[in-house]
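Hydrogens, waters and symmetry mates play no part in the numbers below; they use all other heavy atoms, side chains included.
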Amino acid sequence: MEKLKDHFGIKIATDVRDYTIKDRNYLVELIREHKVILWTKQVLSAHELVLFSEIFGETWHNHDGGILSKNGELLATHHETNKITRVSNMNNGVLGSGVVGWHSDISHKPWTTAGGTLPCRALYCVKTPSDQKICTSWFDQQWLYDNISEHLRIKIEKLVVRFKSVYPVGWEDNTVPFILRDPVSGRKSISLSKIFFENFVGMSKDESQNINDELFATAVLEENVIRHEWSEGDLIICNNYTTAHKRDGIQSKQERTLWRTTFQ
């Protein structure tokens, strides 16, 4: 294993097709501890990506004709089309080519299942342009909680944060505790986001924004940011309970496509 940052993120040199359900506990512990895991030079079919995701637990799929059936699917006849979102600047992929600012998916989207929320995502790079490096970045929300001042930590401890959608979906806003606690380790993390952030419940937008800005000053310090330049065959799993991420804009007219699964 190779560390991506001193306190989070690792690169593993294995073929993920070799993992089976027997490796579930090992993989779950890896994503809990390291938060962002990178594999390179993978060669995966859509079915193999779904099989790997399902080792971790329940994989999210669409039942009601929402975002996947509208503009995020593979071919309509594809066996795994309801479990994979096509994230691309072309061919009806989600997100298009614009910049996607800092956010944590588990915070702003009220995805739930019978077993709870779906905090993890796999991102598999299918195609990347030859004339531009496309980057996705992550920061560690547990490290952020541990490295802010005691005064600020006390101020945010009981806050509830309201997130608001910035694009048309089946929900408009979502309200969650600002501080999350890992049920196993007990470590706390912060539900810090930028593009979906609305305000803290019971607090003005200006006061809320001041707190958010103060936290971001620490969150995006160089020692707390992983910045990854995508190559075809890269596979990254990230834990959205304990990280936030952003994506650079795409200026190329060539295709950049990721396949994305979401799972527990």
- request: Taking the side chain as every heavy atom from C-beta outward, state whether Lys194 and His103 have any pair of such atoms under 4.5 Å apart.
  value: no

Those residues that, when tested against Val220, pass side-chain contact (heavy atoms from CB on, under 4.5 Å) (two or more places apart): Trp102, Phe139, Phe216, Val225

query: Has the side chain of Lys5 got a donor or acceptor atom that lies under 3.5 Å from a matching backbone atom of Glu222?
result: yes

- line: For Thr175 and Val160 the tightest heavy-atom approach is CG2-CG1, 3.1 Å

field: Residues in side-chain hydrogen bond (donor to acceptor under 3.5 Å, both in side chains) contact with Glu229, at least two apart in sequence or another chain
entry: none

message: Could you measure the distance from the CD1 atom of Ile37 to the CG atom of Leu235? Nearest 0.5 Å is fine.
response: 9.5 Å

Under 3.5 Å, which donor-acceptor pairs do the side chains of residues 21-30 form with other protein atoms, sequence neighbours left out?
residue	atom	partner	partner atom	Å
Asp23	OD2	Thr20	N	2.8
Arg24	NE	Ile55	O	2.5
Arg24	NH2	Ile55	O	3.4

message: Tell me the closest heavy-atom pair linking Gly101 and Lys246, and the distance in Å.
response: C-CB, 3.7 Å

query: Any donor-acceptor pair under 3.5 Å linking the side chain of Arg181 with the backbone of Gly186?
result: yes

- request: With sequence neighbours excluded, tell me which residues meet salt bridge (charged side-chain N to carboxylate O under 4.0 Å, His left out) with Glu223.
  value: none

Please report, to 0.1 Å, the donor-acceptor pairs under 3.5 Å made by any side chain of residues 199-206, with sequence neighbours excluded.
residue	atom	partner	partner atom	Å
Asn199	OD1	Arg162	NH1	2.9
Asn199	ND2	Met203	O	3.4
Ser204	OG	Glu207	N	3.1
Lys205	NZ	Glu198	OE2	3.0

- request: Considering non-hydrogen atoms only, spot the tightest contact between Leu258 and Cys125 and give its length.
  value: CD2-CA, 3.4 Å

field: Nearest-0.5 Å distance that lies between atom NE2 in His47 and atom CD1 in Ile84
entry: 10.0 Å

query: Is Arg153 positioned over the aromatic face of Tyr145, cation under 6.0 angstrom from the ring centre and no more than 45 degrees off axis?
result: yes

message: Tell me if a side-chain donor or acceptor on Arg86 pairs with a main-chain N or O of Met90 at a distance below 3.5 Å.
response: yes

query: Quick one: hydrophobic cluster around Leu221, which other residues, with the 4.5 Å side-chain cut-off, linked directly or via members?
result: Trp143

task: For a side chain to side chain contact (heavy atoms under 4.5 Å, CB included) with Leu38, tell me which candidate from Ile236, Ile12, Ile237 qualifies.
output: Ile236

- prompt: Ile154: which other cluster members, linking ILVMFWY side chains closer than 4.5 Å, directly or transitively?
  reply: none

field: Where Asn224 and Ala219 come nearest, the two heavy atoms and their spacing
entry: ND2-O, 2.9 Å

- prompt: Between Asn239 and Arg32, is there a donor-acceptor pair closer than 3.5 Å when you use the side chain of the first and the backbone of the second?
  reply: no

query: Given the rule in the salt bridge (charged side-chain N to carboxylate O under 4.0 Å, His left out) test, do Lys83 and Glu54 qualify, once you have shown the distances and angles that lead to the verdict?
result: CA-CA 10 Å; Lys83 296 183 180 180; Glu54 290 180 339; 2.8 Å; yes

query: By side-chain hydrogen bond (donor to acceptor under 3.5 Å, both in side chains), which residues pair with Ser137, not counting sequence neighbours?
result: none

- prompt: Between Gln132 and Gln251, does any side-chain donor sit less than 3.5 Å from a side-chain acceptor?
  reply: yes

- prompt: Taking only residues two or more places apart in sequence, or in another chain, which ones meet Gln209 in a side-chain hydrogen bond (donor to acceptor under 3.5 Å, both in side chains)?
  reply: Asp213

query: Is there side-chain contact between Ile148 and Ile190, with at least one heavy-atom pair below 4.5 Å?
result: yes

query: Between Asn212 and Ser193, is there a donor-acceptor pair closer than 3.5 Å when you use the side chain of the first and the backbone of the second?
result: yes

message: Assess whether a salt bridge exists between Arg256 and Asp248, defined as any Lys/Arg side-chain N lying under 4.0 Å from an Asp/Glu carboxylate O.
response: no

query: Any idea how Tyr124 and Trp259 line up, ring-wise: parallel (<30°), tilted (30 to 60°), or perpendicular (>60°)?
result: tilted

task: Taking the side chain as every heavy atom from C-beta outward, state whether Leu144 and Asp140 have any atom pair closer than 4.5 Å.
output: no

query: Between Pro129 and Gln254, which heavy-atom pair has the shortest distance, and what is it?
result: CA-OE1, 3.5 Å

- prompt: Is there a donor-acceptor contact under 3.5 Å linking the side chains of Ser252 and Asp131?
  reply: yes

Check: Tyr241/Ser191 side-chain N/O donor and acceptor closer than 3.5 Å: no

Modelled atom types, side-chain donor and acceptor of Gln141 and Lys35, under 3.5 Å: no

task: Using the test side-chain hydrogen bond (donor to acceptor under 3.5 Å, both in side chains), find all partners of Lys11 that sit at least two apart in sequence or belong to another chain.
output: none

query: Distance-only, no hydrogens or angles: does the Arg17 side chain make a donor-acceptor pair with backbone N or O of Val43 under 3.5 Å?
result: yes

Check: Gln42 side chain, Thr14 main-chain N or O, donor-acceptor pair, under 3.5 Å: yes

query: Which heavy atom of His228 sits nearest a heavy atom of Trp138, and at what distance?
result: CB-CZ3, 4.1 Å

message: Taking transitive links into account, so neighbours of neighbours count too, which hydrophobic residues share a cluster with Ile250 at under 4.5 Å side-chain distance?
response: Ile134

message: Please give the remaining members of the hydrophobic cluster of Leu51, linking ILVMFWY side chains under 4.5 Å, ordered by chain and number.
response: none

message: Quick check: His34 with Phe8 (ring centres under 6.0 Å apart)?
response: no

Path from Val99 to Phe197 over hydrophobic side-chain contacts below 4.5 Å: no

task: May I have the step-by-step check of salt bridge (charged side-chain N to carboxylate O under 4.0 Å, His left out) for Lys188 and Asp182, ending in yes or no?
output: CA-CA 6 Å; Lys188 293 181 178 180; Asp182 186 292; over 6 Å; no

message: Under the criterion side chain to side chain contact (heavy atoms under 4.5 Å, CB included), I'd like the reasoning laid out for Ser231 against Thr40: C-alpha separation, chi angles, the key distance, then a yes or no.
response: CA-CA 8 Å; Ser231 297; Thr40 61; over 6 Å; no

